[in-house]
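For reference, the structure discussed in these notes is given below.
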Number of protein chains: 2
Amino acid sequence: MTENRISSPIPATAAGMCQLPCPMPDIVTLIGGKWKLIILQILIFNGTQRFGELKRQLDGVTQTMLTNQLRALERDGLVTRQIYAEVPPRVEYSATPLAQDLESVFYAMRDWWKRNQPPFG
Amino acid sequence: MTENRISSPIPATAAGMCQLPCPMPDIVTLIGGKWKLIILQILIFNGTQRFGELKRQLDGVTQTMLTNQLRALERDGLVTRQIYAEVPPRVEYSATPLAQDLESVFYAMRDWWKRNQPPFG
DNA sequence: TCCATTAGTATCAAAAACGATACTACCCCA
DNA sequence: TGGGGTAGTATCGTTTTTGATACTAATGGA
């Protein structure tokens, strides 16, 4: 089994001495960027997806970019990659428990959006 | 008073047809990037700050960068800018109610971090 | 007179993010 | 024989983000 806990080499952040909720720089490193949150949301709420399936839902992402982002997410323990020895090739991506645990963050964002975005609340 | 509600011109996102929590591309546009979440966290949890005060807490940000990010946040209704006609000049930045309302997102992130990051949980 | 202070702006450079295109391998199928 | 389908990689170029540096205005104080 893979070790899905966060192991940051740099504990202290710029806001280390005050009572702020959490080390944002570390979090931004993990899930920041244009695609990661979108990818994670799909994997968490729509379940396992294969590469092309994911790409079709991403609207504008290039193959290279999607590969890069998935590799980074895999490296950070947020996504697993399952290769099937088939032809044509089949690779499936899933959210790890660590990523699944981000569910409440997405719900908090959804609630914020619903409260403040009248046309779609 | 300013209108602090989100007014996105593009309602539909790539994941419009499924039951995903919220339109991540729009949210990433608002609070994505290297600095915005860090700035917002400070303003929300530590209160109003003047420019230099903020800069000192940011660790590595340049003056230009901080100005840009604050301008963007102001434009999107997440931050207000209060200028005092003094010498030397004094400008104070505050989180708007719209930004304050993001509090639960930060708490969700903190909880996630605490659950999954043993050395600091 | 000159320096310190604060919050900038303007400009240029570097780095990172992002995108387009072309290429591979494999097997099936017509 | 040649195309389709999948999941890539490799390369290059562009665009965006980020950083470094120098500059401004205004006033008080040494």
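Remember, it's a predicted structure, so these values are computed and weren't measured experimentally.
- Rounded to 10°, the helix from C:dT1-D:dA30 to C:dA30-D:dT1 has 30° between the axis fitted to its first five pairs and the one fitted to its last five.
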Verdict with supporting geometry, B:Leu37 and B:Leu102, side-chain contact (heavy atoms from CB on, under 4.5 Å): CA-CA 10 Å; B:Leu37 277 176; B:Leu102 277 169; 5.8 Å; no
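- Side chain of A:Trp112 to backbone of B:Leu98: a donor-acceptor contact under 3.5 angstrom is found.
- Between A:Glu53 and A:Lys55 there is no salt bridge, since no side-chain nitrogen of the basic residue lies less than 4.0 Å from a carboxylate oxygen of the acidic one.
- Per the geometry, NZ belonging to B:Lys55 stands 14 Å off P belonging to C:dT5, to the nearest Å.
- Between the B:Gln69 side chain and the B:Thr67 main chain, no donor and acceptor come within less than 3.5 Å of each other.
- One interatomic measurement links the two molecules: CD1 of B:Ile83 to C1' of C:dA7, which rounds to 10 Å at whole-angstrom precision.
- A distance of 10.5 Å separates CG of B:Leu70 from CE of B:Met65, quoted to the nearest 0.5 Å.
- Side-chain contact check for B:Tyr93 versus B:Thr80: every heavy-atom pair is 4.5 Å or farther apart.
- Taking side-chain N and O atoms only, B:Arg50 has no distance below 4.0 Å to OP1 or OP2 of C:dT6.
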Reading nucleotides 12-30 of chain C 5' to 3', which nucleotides get B (base under 4.0 Å from a protein heavy atom), which S (sugar-phosphate only), which -? ------BSBB----BS---
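- One hydrophobic cluster holds both A:Leu66 and A:Ile83 under the rule that ILVMFWY side chains link at heavy-atom gaps under 4.5 Å.
- We find that CZ of A:Arg81 is positioned 11 Å from P of D:dA7, with the value rounded to whole Å.
- Whole-Å rounding puts the B:Leu54 CG to C:dG8 P distance at 11 Å.
- Atoms CG and CZ, from B:Leu30 and B:Arg75 in turn, are 9.0 Å apart once rounded to the nearest 0.5 Å.
- Rounding to whole angstrom units, CG of residue B:Asp59 and P of D:dT18 are separated by 15 Å.
- Rounded to whole Å, the distance from CG on B:Leu66 to C1' on D:dT21 is 17 Å.
- The side chain of B:Arg56 places no N or O atom within less than 4.0 Å of a non-bridging phosphate oxygen (OP1 or OP2) of C:dA7.
- Here D:dG8 presents its C1' atom at 14 Å from CD of A:Glu74, a figure rounded to the nearest Å.
- B:Gln41 places a side-chain N or O within donor-acceptor distance of the main-chain N or O of A:Cys22, the cut-off being under 3.5 Å.
- Rounded to a whole Å, the CD atom of B:Gln82 is 19 Å from the P atom of C:dT6.
- Checking the phosphate oxygens (OP1, OP2) of D:dT9, a side-chain nitrogen or oxygen of A:Arg71 falls inside 4.0 Å.
- As judged by a 4.0 angstrom heavy-atom cut-off over every strand, A:Tyr93 is placed among residues touching the sugar-phosphate backbone only.
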